[in-house]
2 protein chains.
Amino acid sequence: MYEIFQKYLEEKAEFSQAESERIQSFAIIKKLRKRQYLLQEGDVWKYDAFITQGCVRTYTVDEKGSEHVNSFSIENWWTGDRESLMMQQPSRFNIDAIEDTELVLFTHENFESLCREIAAFNNMVNIILQRSFISAQNRIQASLTLTAEEKYLNFINKYPGFASRIPQTMIASYLGMTPETLSRIRKQTAKK
Amino acid sequence: MYEIFQKYLEEKAEFSQAESERIQSFAIIKKLRKRQYLLQEGDVWKYDAFITQGCVRTYTVDEKGSEHVNSFSIENWWTGDRESLMMQQPSRFNIDAIEDTELVLFTHENFESLCREIAAFNNMVNIILQRSFISAQNRIQASLTLTAEEKYLNFINKYPGFASRIPQTMIASYLGMTPETLSRIRKQTAKK
DNA sequence: TAAAACTCTTGATCTATATCAAGTTTTTAC
DNA sequence: GTAAAAACTTGATATAGATCAAGAGTTTTA
């Protein structure tokens, strides 16, 4: 499934034949079965990971054992724990597959080499990071200003298609509400 | 007050004399009086802005007229609206000074030139962005998992010194609670 | 330096959402 | 294909935090 990543690269920037080959030479293909972990709390995350197929969730588990979903990532997105990666510290997060998933991994050293060697690659990564930051900001803003119902409507509007792939319990957790509340909101909004 | 920025640069990376001068040649010094706007909702943000002195807040105003504080930035931090800057679209945010404030501004074109010309500068910017992203993630995580009291304790622990410079109303808004709730929490935690 | 305008506190009451509990439907796994 | 497990729904009740209101400090401004 490397072709999907190849296509993504071509869309984002122009790479020479040699550069493309260099990038591919570092790629590690990884497959995850549904429920399988990509990262477990306590482990240090060491990759930059691109999803070519499937869907994963990033979440924490609190002292009471409840899970709090931090993010979902699907094909053509990146996943991982930047904090653990950058600080080389054990992760507070778990990442596991919601569906059977295929990824392209780069060890961080290799990834950094690519950034250093290939200006277009570095630039691409930078733009992705800026986009990620912007969407994190928007999520914060939404959590501060919206009611539970508005959060849900905002979510399905922003990520159409997610609702049909991801269990409601996880979506509720992502939105910071209980599954019961989400169920009631869906019932209400269906009426309208 | 350019020296403060100069010192910041020296701490973050190594720049040659020529590079330092190049950076400085683009710097615009700006002073804000307390309450003065740096950015108003509807305007397009065009700078990269570093605070050498003082404190600003970034916030939105909803239909009911309530303010929602998205972030505080103090000396040795950056501020601005990345989304407006990147997408060249009108900002949803206001940024104004909580104290008399001094900044170093770069127009985004100049800033991008510096990134292109000076690898160490580009690298520095990249690291800052990664850090910002990480702290946005942590804020999301906190908003999903913590109670009002925990959010406040987490805040004063993470940003000691902020509580004494910033009005409680604004801190409450930043934490996603009412000023009354924050006042009661402070009373309770003071007892312990 | 006094009045106006904020900011913070405290109390009483309200409400959005959580929690608990049970039943139904859907998915998983042998 | 069927039993077990998981996911979703619905109702009853609880609660953290919001809202409203009013008084006490503090800061701003003229």
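Chain identifiers are assigned alphabetically (A, B, ...) following the order of the sequence lines, protein sequences preceding nucleic acid strands; residue numbering begins at 1 within each chain.
Between A:W78 and A:F111, the distance from one ring center to the other falls under 6.0 angstrom.
Side-chain contact of B:Q137 with B:Q141: a donor-acceptor pair under 3.5 Å is absent, judged by distance alone. Side-chain contact annotation: B:E21 with B:Q17, donor-acceptor N/O pair under 3.5 Å present. Using a 3.5 Å distance cut-off with no hydrogens or angles, the side chains of B:D81 and B:S91 do pair a donor with an acceptor.
In the hydrophobic clustering of this structure, A:I51 groups with A:I95; members are Ile, Leu, Val, Met, Phe, Trp, Tyr whose side-chain heavy atoms approach within less than 4.5 Å, directly or through other members.
Rounded to 10 degrees, the angle separating the terminal helix axes of the helix from C:dT1-D:dA30 to C:dC30-D:dG1, each built from five base pairs, is 70°.
With sequence neighbours excluded, no residue forms a ring-ring contact (aromatic ring centres under 6.0 Å, His included) with A:Y37.
Comparing B:I185 and A:R184 by the nucleotide of DNA chain D that holds the closest heavy atom to each, the one mapping nearer the 5' end is A:R184.
Between A:Y2 and A:Q24, some side-chain heavy-atom pair lies under the 4.5 Å cut-off. Using a 4.5 Å heavy-atom threshold, the side chains of A:Y8 and A:I4 count as separate. The closest side-chain heavy-atom distance from B:R165 to B:I74 is below 4.5 Å.
Between A:F162 and A:F155, the two ring planes are perpendicular [angle over 60°; tilted spans 30° to 60°].
The only member of B:L85, B:I128, B:L114, B:L105 that meets side-chain contact (heavy atoms from CB on, under 4.5 Å) when paired with B:D48 is B:L85.
For the pair A:I98 CD1 and D:dA6 C1', the interatomic distance rounds to 15 Å; values are reported in whole Å. Rounded to whole Å, the distance from CD on A:Q188 to P on D:dG11 is 12 Å. One interatomic measurement links the two molecules: CZ of A:R186 to P of D:dT10, which rounds to 11 Å at whole-angstrom precision.
The stretch residues 175-183 of chain B comes close to DNA chain C through B:E180, B:S183, each having a heavy atom under 4.0 Å from the strand. In the region residues 57-73 of chain A, proximity to DNA chain C at under 4.0 angstrom, judged on heavy atoms, holds for none of the residues.
Using a 4.0 Å cut-off, no side-chain N or O of A:T169 falls inside it from OP1 or OP2 of D:dA6.
Using a 4.0 Å cutoff to heavy atoms of chain A, the contacted part of DNA chain C runs 5' to 3' from C:dT17 to C:dT28.
Between the side chain of B:T52 and the backbone N or O of B:E102, at least one donor-acceptor pair lies under 3.5 Å. Between the B:N94 side chain and the B:E41 main chain, a donor and an acceptor come within less than 3.5 Å of each other.
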Which atoms of nucleotides 24-29 of chain D (N or O only) lie under 3.5 Å from a protein N or O atom, and what are those distances?
{"residue": "D:dT28", "atom": "OP1", "partner": "B:K34", "partner atom": "NZ", "Å": "3.0"}

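Within a 6.0 Å radius of NZ in B:K31, other residues, nucleotides and ligands contribute 12 heavy atoms or fewer.
Residues A:Q88 and A:W45 come closest through the heavy atom pair NE2-O, 4.2 Å.
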